[in-house]
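Okay, structure first, notes after.
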Amino acid sequence: MNGDPLVIVGDCMLDVDVEGTATRLSPEAPVPVVDAQRVWQRPGGAGLAAVLAARGEPDVVLVTALADDEDGRRLVDLLARAGVTVVPLPLHGSTVCKTRIRALGQSMLRLDHGDGTAADGDLPAAVTGVLQRARAICVADYGRGVAAHGGIRQVLGELTMRVPVVWDPHPRGAPPVPGCRLVTPNEAEAQGRSAELLRRQWQAQAVCVTMGPRGALVATEHDGTVQVAVPTASAGSGRCDTCGAGDRFAVAATLALAEGHAVLPAVTAAVEAASRFVAAGGAVGVSSPAETGGYRRAAGETTAIIGDIVEVRDRLRGRGGRLVATGGCFDLLHTGHVRLLHQARQLGDALVVLINSDSSVRELKGQDRPVMADVDRARVLAALACVDAVVIFDESSPERQLERLRPDVWVKGGDYTEADLPEAAVVRRHGGEVVLLPTVAGYSTSNLIAAMRS
């Protein structure tokens, strides 16, 4: 039932990214000096999985162990802001915090502190109740005791026959309970064992071994072992931050199974979701600025958000001011696009660009479009100084995204009329205005593509 929650079970930690530049070596030792500019914090582990799920789900519950210390209280606050309901277990020790020192997108060092593990006592009635009401359960095991809790394992074992349970294992964690709909180890966690061997060993209905840019291998009882490739349009290039990709994969698979899809379609959707997540920047995109401050942005640094509509809305609305949005395919960015975006940004304090996904562009423009993949179009737009955020959407019309974003101004080019814009009614219903800006004559993506092909 849609009214039942999606439940995430697992170990939660606080992730911190200190970002800066490294242009010199220390005089004391041959190590780079990182000039810190920004500090970002986000829930890690099962907390990140819950935040990712809450982007598209109205009722997400996280069952985790928490400590009443400064980092634990910060975690609770970040989860609440993301719309996640927490049902806590007691934690022995202090909250685990992982800090990455990064320069120009490259991790230089990671510092860990905290020794917390979940206490294995009587299971609180609230935990039993929320598990029994779940329409799907994702176990994000990070080896800190939640997935090993005897009471939780007993309840999960009883639920696997009627509720999709997806288990993301950890080398130091507990084995999945028998009967899981899907278990999702990566290659390192598989330790050289085949997906079919793991399926039989764990008594799972299916096992998927994720292989990063090479996709995934899925073993089921009836289909044997099948390879699921990463879609070409979703494949990133260059150096990518894969932090959080496993959580994105497990959550996407859980949501697909909750909607009634079979395992192979669910894994296919999860591979695409994880690939797009990495291409769009990974877990950094769901971070929040640390309140400690003290770091300033470098001049000219691009800080546009490429992410989910809920994340974009919350972060930009948190800054205050007038929110402007526009949308389109933006396939081969040209002068007309740039002029429109600059003019749109002048109408407010932040500009969000909603762009059609590759499948959406094909539906609107034909099978030979787009020329550029959606993640590449998003990166190009995000590099413009006038753009504050970019969101990729799958529908032919941005109405659903605008229902959540609720901009103060919706901008389109003057080659449209309000009668051509079904989304105008959504904008006006929430108190926004629709502005049609004049287009620059002589510029058209279709004409550019035709000229290139001729």
> Does the side chain of Thr254 come within less than 4.5 Å of Leu6's, by heavy atoms?
Replying inline: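 Yes. Closest side-chain heavy atoms under 4.5 Å.
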Heavy-atom pair with the smallest gap, counting every atom of [X] and [Y]:
{"X": "Val267", "Y": "Val218", "result": "CG1-CG2, 3.5 Å"}
{"X": "Leu25", "Y": "Val33", "result": "C-CG2, 3.9 Å"}
{"X": "Pro169", "Y": "Trp202", "result": "CG-CH2, 4.3 Å"}
{"X": "Leu217", "Y": "Gln227", "result": "CD2-CB, 3.6 Å"}

>> Does either side chain, that of Glu395 or that of Ser397, offer a donor lying less than 3.5 Å from an acceptor on the other one?
In response: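 No, no side-chain donor-acceptor contact under 3.5 Å.
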> Among side-chain atoms of His113 and Asp71, is any donor-acceptor pair under 3.5 angstrom?
Replying inline: yes
N/O donor-acceptor pair under 3.5 Å between [X] side chain and [Y] backbone:
{"X": "Glu57", "Y": "Ala54", "result": "no"}
{"X": "Asp15", "Y": "Thr99", "result": "no"}
{"X": "Asp141", "Y": "Gly143", "result": "yes"}
{"X": "Gln205", "Y": "Gly179", "result": "yes"}
{"X": "Arg345", "Y": "Gly348", "result": "yes"}

Ion pair check, [X] and [Y], cut-off under 4.0 Å:
{"X": "Arg317", "Y": "Asp408", "value": "yes"}
{"X": "Arg81", "Y": "Asp314", "value": "no"}
{"X": "Glu19", "Y": "Arg100", "value": "no"}
{"X": "Arg276", "Y": "Asp376", "value": "no"}

> Yes or no on salt bridge (charged side-chain N to carboxylate O under 4.0 Å, His left out) for Glu196 and Arg200, after CA distance, side-chain angles and deciding distance?
Replying inline: CA-CA 6 Å; Glu196 173 57 23; Arg200 287 187 269 112; 3.1 Å; yes
